[in-house]
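Following: one structure in structure tokens, then a few remarks.
Sequence lines set the chain letters: A, B, ... in the order given, protein chains first and strands last, and positions in each chain run from 1.
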Amino acid sequence: MVDDFRFHIIEKLIDEVGSDDIDDSVLEVPPDPALGDYAFPCFILSKKLKKSPQAIAEWLAGKWKPDAVIVDVKNVGPYLNFFLDKSKLSGQVLTKIINERADYGKGSDSRKMMLEFPGPNTNKPLHLGHVRNMLIGVAVGNLLRFQGNQVINTNINNDRGIHICKSMLAYKLFGDGQEPDMKPDHFVGKWYVRFAEEAKKNPDLEVQAQELLRKWEAGDKETIDLWKKMNAWAFKGFQQTYSRFGVRFDKEYFESQHYKKGKKYILEGLKAGVFQKDDDGNIVADLEPFGLGKKVVLRADGTSVYMTQDISLVHEKFNDFPDLDLSINVVATEQNLHFQQLFKILELLRYPFAKKNYHLRYGMVNLPEGKMKSREGTVVDADDLVQEMVDLAHAAVELRHKDLSDEESLARAEVIGMAALRFFILKTDPLRDMTYDPKASISFEGETGPYVQYVHARICGIKEKSGRPIRTDIDFSLLKTPEELALVKLLASWPSVVADAAHKYKPSTVAHYLIDLCQNFNEFYHRRRVVDEERPALTDARLLLCECVRQVVEIGLGVLGIDAPEEM
RNA sequence: GGAUCCGUAGCCUAGUCUGGAUAGGGCACUGGCCUUCUAACCUGCAACAAGCAAGAAGGAAGCCGGGGAUCGCGGGUUCGAAUCCCGUCGGAUCCA
């Protein structure tokens, strides 16, 4: 909770029983605040002292004298429970928040990190999987930055290969040179779908696509021009989606620019004996000793595989940013083995940056009907999804406010709809597979983004209505109801919560914290009146508490990439 | 066949790394909190007074209550296991 209080207790514990068994982690928070603010379970001393934990708790409770900070100590069964001076606790926590403002909970890490996401293919628009990828990428980036790190956002554009040639071929054959009449990446995707349809009727198209790829690799001008034109459409469309999701990149990589460069690293590795040639002439890495199988790193004909390119890409990254401490790839869990192999190969090649890579994996997003399959047309498009959420939010806003201008109403809908989507995706542990159920995701009640936003707006409303400034010279002893103390404790825990979330790359931890904080706030709000003309001192104290809750909600939402509106 | 991840109420989910007090939320279900209308004859509570009790409709980005869990299963370690270890079953993903 608050370190000062913790250390105080631990120091005194060490005085009593010695430092052998006591460290920072022995204190717990009791399940019910009525039991105490901190607890020391006496089991661990049982063996050494040859006494029952109950007897130890009783003995320690008898020896402990209340002081200015710990006002009471009680033994309950095998636990020794400590009661803090509540007004000292509130004073310390709320003053800290109000002084530090948006920096409350910021960490002091100072590493330089790179985050890579979402790595789109330029032959079709972004889909639901990319949505999860981007939301996790943005949120984890925010988390790491909030911990004090410098974070470089990068993106690898998979802009070459057979799949790109397929949409190119379809456009070439049936496109009649037309310009996009829709969002340009959707336009490109349309030709990819068209290719699949036509290829079913005419298998020769597959051969023609291969031919087109050869021409592309040979640098055929007409093919390159078409490729540039269609990729430009794709990028233009992606850019629109990125900006709606608040995604921006400091550095973009393009597969087409480095896919050939990997070859030399492979040949170096072959020379050094890290790789071998197999019977077919492929160059392979034998990762059997590490339980990772055998992996082809360069085909017999000298063409590259994904692994070749990825080795090359890692080189580029660490060349561009030599002082990088960590490079994080945000990629779905299905690539797990690939990254394990990649990192092991980097290690075998003895690259200095071998251990500075991390695969931040996340689970699949399935639909209630099962897996998304582009061939069966069950892919949920990212742009459609966003629009659907915003439209629903718009309807909800219109329902509540008839007198808003269209502009204001749409702006609110954007903020609320995006919050609903972001929160729905981010509140689940990234590692978990999740089912995207449109019906559940569009709800604005329960554990949702709008629920959290509403608390923020509500507090802004209370402040406004009170017509009073936030004062810090309040009487903290007035905050004594269970609801108020629960809020103070939750606020106190924010720094450790957000540090933990960053450490584990888990935005979901922040989402759950916010839900908890908001539930507690609403309970407080319904049970205790904040603005009370008759009791100005209490009003000031509660207003300060509200403002601190608001501040932390704003920070927390910000970390998740969600706006905190003052009205909604 | 091998590897990785997952298994917690009807459904979704936190907690698992770092073992401790009744396994925390949400959805759905259910009872209430609010507003309006009807009735205002009788009866009851209250009685200084406002009122409450019935029925119907509606509303809520909010609150309170209720039911609902062999923490997949079996074993082990431990004073203590959702958490650690072993085995097993089921699901997802990747590799072959």
Next item on the list: Dump the intermediate steps for side chain to side chain contact (heavy atoms under 4.5 Å, CB included) on A:Trp494 and A:Ile555, then the final yes or no.
Entry: CA-CA 10 Å; A:Trp494 165 246; A:Ile555 300 170; 3.7 Å; yes
Item checked: Between B:rC5 and B:rC84 - P atom distance, rounded Å -> 12 Å
Notebook entry, point to check: Of A:Pro31 and A:His401, whose closest RNA chain B nucleotide lies nearer the 5' terminus?
Noted result: A:Pro31
Check: Quantified in whole Å, what is the P atom distance between nucleotide B:rG75 and nucleotide B:rU16?
Finding: 26 Å
Next item on the list: Measure from the side-chain N and O atoms of A:Asn75 to the backbone N and O of A:Gln54, and report whether any donor-acceptor pair falls under 3.5 Å.
Entry: no
Checklist line | Nearest-neighbour nucleotide for the A:Pro30 side chain, B:rG25, B:rA21, B:rC63 considered | finding: B:rA21
Item checked: Pair assignment for B:rU16, Watson-Crick or G-U wobble, requiring both distances under 3.5 Å -> none
Notebook entry, point to check: Within less than 4.0 Å of OP1 or OP2 of B:rC79, is there a side-chain N or O belonging to A:Lys47?
Noted result: yes
Next item on the list: Tell which nucleotide pairs with B:rU35, taking only Watson-Crick or G-U wobble pairs whose two distances are both under 3.5 angstrom.
Entry: B:rA57
Margin query: Test side chain to side chain contact (heavy atoms under 4.5 Å, CB included) on A:Cys546 and A:Tyr525; report intermediate values, then the result.
Written below: CA-CA 9 Å; A:Cys546 287; A:Tyr525 170 82; over 6 Å; no
Margin query: Under 3.5 Å for both donor-acceptor distances, Watson-Crick or wobble: does B:rC41 have a partner, and if so which one?
Written below: none
Checklist line | Atom pair distance, as rounded to whole Å: CD1 in A:Ile44 and C1' in B:rU18 | finding: 13 Å
Check: Considering only B:rA21, B:rC17, B:rC79, which nucleotide approaches the side chain of A:Phe43 most closely?
Finding: B:rC79
Note to self: If I pick the P atom on B:rC86 and the same atom on B:rG91, what distance separates them, to the nearest angstrom?
What the structure shows: 23 Å
Margin query: Ignoring hydrogens and geometry beyond distance, is a side-chain donor-acceptor pair present between A:Thr428 and A:Arg432 at under 3.5 Å?
Written below: no
Item checked: Nucleotide nearest A:Val76 (side chain, heavy atoms from C-beta), chosen from B:rA61, B:rC63, B:rA21 -> B:rA21
Checklist line | Whole angstrom value for the distance that separates C1' of B:rA61 from CD of A:Gln519 | finding: 14 Å
Margin query: Nearest to the A:Glu447 side chain among B:rA61, B:rG25, B:rA21, which nucleotide is it?
Written below: B:rG25
Notebook entry, point to check: Reckon A:Met434 touches a base, only the sugar-phosphate, or nothing at all at heavy-atom distances under 4.0 Å?
Noted result: nothing
Next item on the list: Report the base-pairing partner of B:rU4 (Watson-Crick or G-U wobble, both distances below 3.5 angstrom), or none.
Entry: B:rA92
Item checked: NZ/NE/NH1/NH2 to OD/OE distance under 4.0 Å, A:Glu484 and A:Lys86 -> no
Margin query: Is there a side-chain contact between A:Gln341 and the phosphate of B:rC94, meaning an N or O under 4.0 Å from OP1 or OP2?
Written below: no
Check: Starting at CG of A:Leu342 and ending at C1' of B:rC95, how long is that distance when rounded to a whole Å?
Finding: 16 Å
Next item on the list: Round to a whole Å and report the spacing from CD of A:Glu288 to P of B:rG1.
Entry: 18 Å
Notebook entry, point to check: If you measure from the P atom in B:rU35 to the same atom in B:rA28, how many Å do you get, rounded?
Noted result: 24 Å
Check: Whole Å only: how far is the CD1 atom of A:Ile515 from the P atom of B:rC27?
Finding: 10 Å
Item checked: Of the listed nucleotides B:rA21, B:rA14, B:rA92, the one nearest the side chain of A:Asp433 -> B:rA92
Checklist line | A:Arg542 side-chain N/O to A:Leu478 backbone N/O, donor-acceptor pair under 3.5 Å | finding: no
Margin query: Once you apply a heavy-atom cut-off of 4.0 Å, does A:Asp429 come out as touching a base, just sugar-phosphate, or nothing?
Written below: sugar-phosphate
Margin query: Please give me the minimum heavy-atom distance between A:Val305 and A:Leu298, naming the atom from each residue.
Written below: CG2-N, 4.4 Å
Item checked: A:Arg400 side-chain proximity, nearest of B:rA61, B:rC94, B:rU13 -> B:rA61
Check: Partner of B:rA50 by Watson-Crick or G-U wobble geometry, both contacts under 3.5 Å, or none?
Finding: none
Checklist line | Under-4.0 Å side-chain N/O to phosphate OP1/OP2 contact, A:Arg527 with B:rC64 | finding: no
Next item on the list: Rounded to whole angstrom, note down the P distance from B:rG24 over to B:rG68.
Entry: 14 Å
Item checked: Partner set under salt bridge (Lys or Arg N to Asp or Glu O under 4.0 Å) for A:Lys344, not counting sequence neighbours -> A:Glu347
Next item on the list: Name the residue closer to the 5' end of RNA chain B, choosing between A:His512 and A:Glu523 according to the nucleotide with the nearest heavy atom.
Entry: A:His512
Measure all distances between protein nitrogen or oxygen atoms and nitrogen or oxygen atoms of nucleotides 3-6 of chain B, and list the pairs falling under 3.5 Å.
from  : atom 1 : to       : atom 2 : distance (Å)
B:rU4 : O2'    : A:Asn336 : ND2    : 2.7
B:rU4 : O2'    : A:Arg361 : NH1    : 3.3

Next item on the list: Please report the closest heavy-atom contact between A:Leu491 and A:Tyr513, naming both atoms and the distance.
Entry: CA-OH, 3.7 Å
Margin query: Just to be sure I understand the rule, does A:Glu28 reach a base, reach only the sugar-phosphate, or reach nothing, if contact means heavy atoms closer than 4.0 Å?
Written below: base
Note to self: Only pairs with both distances under 3.5 Å count, Watson-Crick or wobble alike; so what is the partner of B:rG80 in this structure?
What the structure shows: none
Notebook entry, point to check: A:Arg400: what forms a salt bridge (Lys or Arg N to Asp or Glu O under 4.0 Å) with it, not counting sequence neighbours?
Noted result: none
Item checked: Counter-base of B:rU70, judged by Watson-Crick or G-U geometry with both distances under 3.5 Å -> none
Check: Taking the same atom, C1', in B:rU83 and in B:rA23, what whole-Å distance lies between them?
Finding: 11 Å
Check: With both distances under 3.5 Å as the test, what is the Watson-Crick or G-U wobble partner of B:rA28?
Finding: none
Check: Side chain of A:Asn522, base of B:rA61: donor and acceptor closer than 3.5 Å?
Finding: no
Item checked: B:rU93 phosphate, OP1 or OP2, under 4.0 Å from A:Tyr362 side-chain N/O -> no
Checklist line | Separation of atom NE2 in A:His338 from atom P in B:rA96, rounded to whole Å | finding: 13 Å
Next item on the list: Quick one: label A:Asn81 by what it contacts on the DNA or RNA (base, sugar-phosphate, nothing), any heavy atom closer than 4.0 Å.
Entry: base
Notebook entry, point to check: Base, sugar-phosphate, or nothing for A:Ala39, non-hydrogen atoms under 4.0 angstrom?
Noted result: base
Next item on the list: Determine the minimum heavy-atom distance between A:Pro120 and A:His130, stating which atoms define it.
Entry: CA-NE2, 4.1 Å
Checklist line | B:rC71 and B:rG19, which share atom name C1', separated by this distance in whole Å | finding: 15 Å
Next item on the list: Using atom CG of A:Leu517 as one end and atom C1' of B:rA14 as the other, report the distance to the nearest whole Å.
Entry: 16 Å
Next item on the list: Drop me the distance from A:Trp64's CH2 to A:Leu13's CG, to the nearest 0.5 angstrom.
Entry: 4.0 Å
Next item on the list: Tell me whether the OP1 or OP2 atom of B:rC94 has a side-chain N or O from A:Lys295 closer than 4.0 Å.
Entry: no
Check: Over how many whole Å does the gap from A:Phe423 atom CZ to B:rG25 atom P extend?
Finding: 16 Å
Check: How far does the C1' atom of B:rC85 sit from the matching atom of B:rU77, given to the nearest Å?
Finding: 7 Å
Notebook entry, point to check: Which is true for A:Pro41 with a 4.0 Å heavy-atom rule: it touches a base, it touches only sugar-phosphate, or it touches nothing?
Noted result: nothing
